[in-house]
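All remarks here apply to the structure that follows.
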Amino acid sequence: MDSHWPILHEFKFRTYSALFWSWTTNFLFLQVFFFLWVINPWNHVYVVHDYVLRLLSFHVWLVIFTLAFVSATYIALFANHFSVVPKVEVSHYETLKKCFHGKHVMYVLCHSLLAIVIFTFVSLLVPSQYSSPLTDCSAQASTGEICFNEHWLLLLLFSGFVGTVNFIANEKEQKYCLSFPLVQQTRLLYLKCNFSTIVKNATISCTRLLRNFVMFYYFLGFVPRDLIAGFLGLKTCDYHVISVMNIFAILPILWTLLLCGTLLLVFHDVSWNLFNLCNTKRYNFLLESVFPEDATKILTANLNGKQPPLVQHLAFQHLSHVTCHSANVRKQIFSLERGGVGNRSSKWNVIADECLLCIKNLTNALTDHNLKHSSLFDNDQKGISRLSSKSSTSSQSSTDEKSPFLSVSTLRRRPLQSDASNSPNMSYFDVSSLDATTTNSGNVNSPYRSGPNLVIPTPKLWTRQLYKGSFSNSPVTQNADGYNEKVDQHQLNKQMSGLFARIEKLAKKFSIVSYLIKKMPDRSAANLFSGRCVCKWALQSISIVVEASFTEDNFGVVQRRLHEIIAVLLDLHTALEKYNKLPVASSSQAVLSLLREIRGLRNECKNAIYRITNTFGSHLDAVPINPEHKRKLRGFVEHKE
């Protein structure tokens, strides 16, 4: 995106806007959290009085202000680690490779450290047993002896656990991929409509994480406690923080951890939703400009696949919007340009080429996927038929073994004898394995019989004579050294590829290797719809332009490619219908969410075809398309599809 400095500048501006709105929202939510932090069922009756006094403290407002700013740094992490096109790993090996990638590990550590910093500032809001790593060794009375504070450790460990698990889960489910909404919403309206849902989902997720963390800490919590206490040179307390013998002492701890975990998840979800909302906002591209510095802002120059994914998505999003709502833009698309080849509309040609290319890429991918799975199904059916007919063929095979001439393996190739060098057109086969009746039945004095060898005449090639004499000394062979080196290199590459194939085949015999490198068909199918947004916008844009050309295209620049557009749309509809018949099952939410897109994509394809058929009607009979497409198009014209 560095070469698109206007888009880069806009992206930075939107990121800063999301940062500001995230800070504002988190600052307001911290007021509610501070109220729940102070007023809880286990405090004394004067808790309201204490809340008012602490709310008037400068220390509390300073911590809230800093905490809101620290929580807004999630936006900076999202700006460096987001995707536009979702991609699901097709094998377990790719999943493990991604998990242990250096960049992925770095972002896991960043989210974990950010969660720990947020929980540290939360513990500083009100002086409590979670504020300091030092505490009194006895829980009943003050003895003056300082020990390690396990409550402080419990809060920090839970914060790191929530930050790490939440990032890994969202990364696995492709939550850090920008989702372009159908309707552009304002920030305040979006927060007003979705804030309660965000809080509810965060509470449910935090409850699940808290359950797993408490079970883990109950059995293995002494390990980090003893290590950190030994590193600091402190003694551990003589009582246990989490004990099944004292349930009522655990309830305040669980309440505190639940509040802090919910706060952290709300910060994360609100920041991501604001980042997604700001960066998927429609960007106004220019359709034409006379200034050379605006070359990167031209719409037709940002539609191709060579552009960054975010730029291409924003370009198609703007194209879909302006073709639907702007008659002036459609008039510019239909206009002819002087100086062009044949006075053709270059804008329409570029838009049509890019839209049709996106649709064709998806159609080809779906067609290849359908052919692959149909061939696998046919192979399975053939395997079942072979197993059923195995018993019938076994009886025939026993009788066939008695006749040696029915098997080609009875003729074994023999090396050429020294006396046969003068007859390069003869091939020798060993006939000693034939029985006596077979050999005596033929003519013993046959000219093609030489002892135990059977001489079979073959065509005499002119290259044999050339190898024997003058051609070997020809200057052509002296100039063919480069060609021979290329042939040798080709043979070496072929042998190496064969060696790697044999090694791979041998490795697949191990069950663990086969499990890791085996490609899962559901994930391969889900990756087909990774560019669904661009394809939807392409379908919508080109169908709306064709629909409007019936009354607005005075020069006929659109209708000259009407047959090509109809054929591409019908091919995509056919591929989607065939894919919809294939059974696909998956347990991954990311895969299921991508596979659900086929319904919306199929509906958008049918809507695009119906826009054209409802507009042109019976005039489509004059469009030159093949009979198969004409039959399918007739079904759309008669509303039978």
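Numbering of residues begins at 1 and proceeds along the displayed sequence. Every value quoted in this text rests on a predicted model; they were computed, and no experiment measured them. No hydrogens, no waters, no symmetry mates; every other heavy atom, side chains included, goes into these values.
Looking only at distances, a side-chain donor or acceptor of S335 sits under 3.5 Å from a matching main-chain atom of Q332. Side-chain atoms of T164 do not come within 3.5 Å of backbone N or O of F161 as any donor-acceptor pair. One N or O on the side chain of T24 and one on the backbone of F20 form a donor-acceptor pair closer than 3.5 Å. Side chain of W348 to main chain of V557: a donor-acceptor pair is present (N/O by atom type, distance under 3.5 Å, no hydrogens or angles). Looking only at distances, a side-chain donor or acceptor of R330 sits under 3.5 Å from a matching main-chain atom of T323. N626 contributes a side-chain N or O that, together with a main-chain N or O of H629, makes up a donor-acceptor pair within less than 3.5 Å. When atom types are taken as modelled, the side chain of H104 and the backbone of C99 share a donor-acceptor pair closer than 3.5 angstrom. Listed for the E354 side chain is no donor-acceptor partner under 3.5 Å among the backbone atoms of F316. N276 places a side-chain N or O within 3.5 Å of a backbone atom of S179 that can act as its donor or acceptor partner. Looking at Q540, its side chain never comes within 3.5 Å of a backbone N or O of A608 through a donor-acceptor pair.
The pair K175-E173 fails the salt-bridge criterion, with no side-chain N (NZ, NE, NH1 or NH2) lying under 4.0 Å from an Asp/Glu carboxylate O. Ion pair E10/R14 flagged as a salt bridge, since at least one NZ, NE, NH1 or NH2 atom sits closer than 4.0 Å to an Asp/Glu carboxylate oxygen. R560 has no carboxylate O lying under 4.0 Å from a charged side-chain N of D553, or vice versa, which leaves the two without a salt bridge.
Ring planes of Y283 and F285: perpendicular class, angle over 60° (limits at 30 and 60°). Below 30°, between 30° and 60°, or above 60°: for H619 and F550 the angle between ring planes is between 30° and 60°, a tilted geometry. Taking the six-membered ring where the residue is Trp, Y610 and F636 present perpendicular rings, their angle passing 60° and hence far from 30°. Ring orientation note: the planes of Y74 and H111 are tilted relative to one another, at an angle of 30° to 60°. The aromatic rings of H268 and Y176 sit perpendicular to each other, their planes meeting at more than 60°, with 30° as the lower class boundary.
Side-chain contact between L287 and V322 is absent, with no heavy atoms from C-beta onward closer than 4.5 Å. Within the 4.5 Å cutoff, the side chain of V85 has heavy atoms near those of the H313 side chain. L77 has its side chain out of reach of S271: every pair of non-hydrogen atoms, C-beta onward, lies at least 4.5 Å apart. Side-chain contact between I609 and K606: absent, with no pair of heavy atoms (C-beta onward) separated by less than 4.5 Å. Using a 4.5 Å heavy-atom cutoff, the side chains of L633 and V623 are not in contact. At a threshold of 4.5 Å between non-hydrogen side-chain atoms, the residues L366 and L362 count as touching. Between L191 and L274, some side-chain heavy-atom pair lies under the 4.5 Å cut-off. A heavy-atom distance below 4.5 Å is not found between the side chains of S289 and K297.
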Q: Dump the intermediate steps for side chain to side chain contact (heavy atoms under 4.5 Å, CB included) on W537 and L319, then the final yes or no.
A: CA-CA 8 Å; W537 290 326; L319 176 64; over 6 Å; no
Q.
What verdict does the side chain to side chain contact (heavy atoms under 4.5 Å, CB included) test give for L258 and T262, after you've listed the backbone C-alpha separation in whole Å, the side-chain angles of each residue and the deciding distance to 0.1 Å?
A. CA-CA 6 Å; L258 181 62; T262 304; 4.0 Å; yes
Q: Could you check S549 against L562 for side chain to side chain contact (heavy atoms under 4.5 Å, CB included), going step by step and ending with a plain yes or no?
A: CA-CA 10 Å; S549 68; L562 185 59; over 6 Å; no
Q.
Under the criterion side chain to side chain contact (heavy atoms under 4.5 Å, CB included), I'd like the reasoning laid out for F180 against V84: C-alpha separation, chi angles, the key distance, then a yes or no.
A. CA-CA 9 Å; F180 292 81; V84 181; 4.2 Å; yes
Q.
Quick one, K360 with E564, criterion salt bridge (charged side-chain N to carboxylate O under 4.0 Å, His left out). Give me CA distance, side-chain angles, the key distance, then yes/no.
A. CA-CA 11 Å; K360 287 179 181 178; E564 181 182 359; 3.6 Å; yes
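Contact detail for A538 and C358: the closest heavy-atom pair is CB-CB, 4.5 Å. What you find for I359 and T363 is that their closest heavy atoms are O-OG1, 2.8 Å. P624 and H563 get closest at one heavy-atom pair: O-CB, 3.6 Å. Here the shortest heavy-atom pairing between V266 and A202 reads CG2-CB, 3.8 Å. Annotation for C605 and L569: closest pair SG-O, 3.6 Å, computed over non-hydrogen atoms. Between R611 and S543, the shortest heavy-atom distance links the atoms NH1-OG, 2.8 Å.
Among residues two or more places apart in sequence or in another chain, the side chain to side chain donor-acceptor pair (under 3.5 Å) test is passed with E604 by none. Annotation: side chain to side chain donor-acceptor pair (under 3.5 Å) contacts of R631 (sequence neighbours excluded): E628. The side chain to side chain donor-acceptor pair (under 3.5 Å) search around K103 returns none, not counting sequence neighbours.
For the atom pair N603 CG and K536 NZ, the distance stands at 8.5 Å (nearest 0.5 Å). Between the CZ atom in R561 and the CG atom in N349 there is a gap of 5.5 Å [rounded to 0.5 Å]. Rounded to the nearest 0.5 Å, atoms CG (N279) and OG1 (T15) are 4.5 Å apart. Rounded to the nearest 0.5 Å, atoms OG (S112) and CG (N166) are 11.5 Å apart. Note that CG of N80 and CD1 of I75 are 11.5 Å apart. Values are rounded to the nearest 0.5 Å. To the nearest 0.5 Å, atom CG of residue L263 and atom CG of residue N26 are 8.0 Å apart.
By the 6.0 Å contact criterion, NZ on K98 is enclosed, its count of non-hydrogen atoms from other residues, nucleotides or ligands being greater than 12. The number of heavy-atom neighbours closer than 6.0 Å to NZ of K630, taken from other residues, nucleotides and ligands shown, is above 12. For R599, the CZ atom counts as loosely surrounded, since its 6.0 Å shell holds 12 or fewer non-hydrogen atoms of other residues, nucleotides or ligands.
No side-chain N or O of E89 forms a donor-acceptor pair with one of T95 less than 3.5 Å apart. Residues K632 and T574 have side chains that bring a donor and an acceptor to within less than 3.5 angstrom of each other.
The ring-ring contact (aromatic ring centres under 6.0 Å, His included) test with H81 singles out one residue from F167, W272, F275, and that residue is F167.
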